[in-house]
Amino acid sequence: MVKRDITLRLPKKLLVILGILLLLVLLSFLIPSPSLQQELTVSPANYSVSLVSAQQAYDVIIDEGGYSFVEDAVTSVYAYNEQIPGPLLRGMVGETITVQVQNNLDEPTTIHWHGLILDNVQDGVPQVTQDPILPGESFTYEVELRNPGLYWYHSHVEAHKQVESGLYGPLLITEDDEEDSGTILMIDDVLLGDDDEFRSFDLGVMHGRFGNYLLVNGEQHPTIHMESNRLRLVNPANARSFTLSFGVPFTVIGMDIGLSEEYTETLLTIHPGERYDIFLDAEEGDELALQYVTGRGNYPLATLFVGETVARPSHSFALPFSPEELLEKEPDLTADLAGFMGGHRGFTWAINRKYYPETTEIFTVQKGELTKMRITNTQGQPHPMHLHGQRFIVLARNGELAEHFGWKDTVMVGNRETVDIVFIPEEQGDWVFHCHILEHAEAGMLSVVRVE
Ligand code: C2O
Ligand code: CU
């Protein structure tokens, strides 16, 4: 009896299953499939500062999409407002802008305002200053614009992956809305595989992730029509330092934060995280080759057409202390940079042999008190070190007074080099101090400067 029952029921079950399958197939035509997201096309950025005016509020929407780094190929990327790099955010000194961030990714993220001195809770560091913005959630940043200059913003969650994938953009702060501000160049590289997708995001790479495609504002050797003879450069690359030639000499007028001492050069080296503000010694209409200069030859980065030549803003740079006197001062803090075998990854990058997040080094300093920090690289791998929420002066390298002064937030500490920096903490809170080779930071080379 039982057997007969079963044989009778089976075809009915099959019918029910077939029915459900048919329904699912029909439904799939009605419900947008999640893979549609992949079809969102991300475009390269076009920064014409003169076309973007200062605003008080911005929306930044983060999506996955497809982007062509290489002609006829599409790479899966992450993007701010469907463009790579992200939109130019612009505001005026003394204002606070509101940036509402919507995270449409399947993973958490945050935005860090690289170089800005602001309220600690707006700094965008997961677990240190805020909870990450979860998938589908939004967060509103109140971003205070204290000092003029070109800054940049980027993800601080798995930064080695998210920044490489497209989550970075420029932020310009000027004294007034109309002033000529130069042309922004974000000089980057990406590492793509034969399938044109990002190669795996490996933290084990000793020197950090070096790309196989060189990009200026998200494109391979673009032609850029400059607004004047002024350029503002950013290096958002995970690990690569760029030495640049413009084919003509240039005058540096600003470093990371605002205007600096002026000096003239023919080559410019820009490390990950850094910015420079320069005036080219060129005439309107000149066609210049921007090249990446290496020991093994030069690589073309972009063709530049110089705009109207303008006078450099007249300014004088004054320090609030005497560098000569400070050269003798004992350091208040010391940070030894090294990698060692150990920790759960097998190889760990560390500051004072402590590594984030397990054994994080915490330096304690007082707001308003001049602080001298000695950073010593005990090995051969260079580390561009970035301090959040402060501006510092690079005082000396290997005990020799620095050649040119300016306010900075990122400093390269080269092969077995000792660098002294000086800063006066302006805001209380926990500010991270880390290597801007993003693979090093994510593999432990991150500490906290606690301002009391
Ligand atoms: Cu641009 Cu904590 O980094
Ligand atoms: Cu490093």
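Sequential numbering from 1 along the given sequence is applied to the chain's residues. Order of listing sets the numbers, starting from 1, for every ligand and every atom in it.
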Compute the centroid of each ring, for W113 and then for Y141, and state whether the two points are separated by less than 6.0 Å. yes
Tell me whether E164 is salt-bridged to R199, with the criterion being a basic N under 4.0 Å from an acidic carboxylate O. no
Check whether any N, O or S atom of H434 sits under 2.8 Å from atom 2 (Cu) of ligand 1. yes
Do the charged groups of K372 and E330 touch, with an N to O distance under 4.0 Å? no
Quick check on atom 2 (Cu) of ligand 1: does H436 put an N/O/S atom closer than 2.8 Å to it? no
Of all N, O or S atoms in H440, which has the smallest distance to the Cu ion (ligand 2)? ND1
Just checking: H154, one of its N/O/S atoms, less than 2.8 Å away from atom 1 (Cu) of ligand 1, yes or no? yes
Can you tell me which N/O/S atom of H114 has the shortest distance to atom 1 (Cu) of ligand 1? ND1
To check you understand the geometry: which heavy-atom pair defines the closest contact between H156 and G124, and what is its length? CB-O, 3.3 Å
Using side-chain contact (heavy atoms from CB on, under 4.5 Å) as the criterion, point out the one residue from I84, L105, V77, V60 that pairs with L167. L105
From the N, O or S atoms in H383, identify the one nearest to the Cu ion (ligand 2). ND1
From the Cu ion (ligand 2) out to just under 2.8 Å, does an N/O/S atom of C435 turn up? yes
Taking both backbone and side-chain atoms into account, decide whether H156 has an N/O/S atom under 2.8 Å from atom 2 (Cu) of ligand 1. yes
Would you mind telling me which of I270, T269, I187 makes a side-chain contact (heavy atoms from CB on, under 4.5 Å) with N235? I270
